[in-house]
Amino acid sequence: VQLQAFGGGLVQTGGYLTLSCAASGRAFSGYAMSWFRQAPGKEREFVATISGNGDSTYYEDSVKGRFTISRDNAKNTVYLQMNSLKPEDTAVYYCAALRRDKDYSGNYYYPDKYDYWGQGTLVTVSS
């Protein structure tokens, strides 16, 4: 599976962006998909996740109510709608895929559990 993330850019505080992550290969629905982010000088952190069939989603506390993760399995694409952006949301955002034979609820939070990663897209929120 190859992942390509895009949609980042420069936005003012309070603005919005939608990130997309397109996956190649088959059986996209067999992977839970997540977004992580990494700010300069910081470790990569979990942002949001969605199960293979889209029934389950989880969010990091700081983005709850502002970000929405969704997926379109027919288009092999996962999205991250980001609203009310803050300067602290500035980071490189990565999409990642977790095989469904892994324990989803126990693993989705940890970057080292993921099988595939996109190349990252930079989001900069100006104050």
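The first residue in the sequence is number 1, and the count goes up from there.
Between F28 and M33, some side-chain heavy-atom pair lies under the 4.5 Å cut-off. M82 places none of its side-chain heavy atoms less than 4.5 Å from the side chain of Y16. Contact of the E45 side chain with the R37 side chain is registered, since non-hydrogen atoms from C-beta on lie closer than 4.5 Å.
Counted within 6.0 Å of NZ on K102, heavy atoms from surrounding residues, nucleotides or ligands total more than 12; the atom is thus considered enclosed. Counted within 6.0 Å of CZ on R100, heavy atoms from surrounding residues, nucleotides or ligands total 12 or fewer; the atom is thus considered open. The environment of Q119 atom CD is dense: over 12 non-hydrogen atoms of other residues, nucleotides or ligands sit within 6.0 angstrom.
Comment: K86 does not engage D89 in a salt bridge, judged by the lack of any side-chain N to carboxylate O separation of less than 4.0 angstrom. A salt bridge is absent between K113 and D103; no separation between the charged side-chain nitrogens and carboxylate oxygens falls under 4.0 Å.
Under the ring-ring contact (aromatic ring centres under 6.0 Å, His included) rule, F36 has a single partner from Y114, Y108, Y110, which is Y114.
The main-chain N or O of Q81 is never found under 3.5 Å from a side-chain atom of T18 such that the two would form a donor-acceptor pair. Proximity of a side-chain donor or acceptor of S34 to a complementary backbone N or O of T49 within less than 3.5 Å is not detected. Judged by distance alone, with hydrogens and angles left aside, the side-chain atoms of D115 form a donor-acceptor pair with the main-chain N or O of R99 at under 3.5 Å.
A continuous path of hydrophobic side-chain contacts links Y59 to I50 [ILVMFWY only; heavy atoms under 4.5 Å].
Applying the under-4.5 Å side-chain rule to Ile, Leu, Val, Met, Phe, Trp and Tyr, the cluster around F6 consists of that residue alone.
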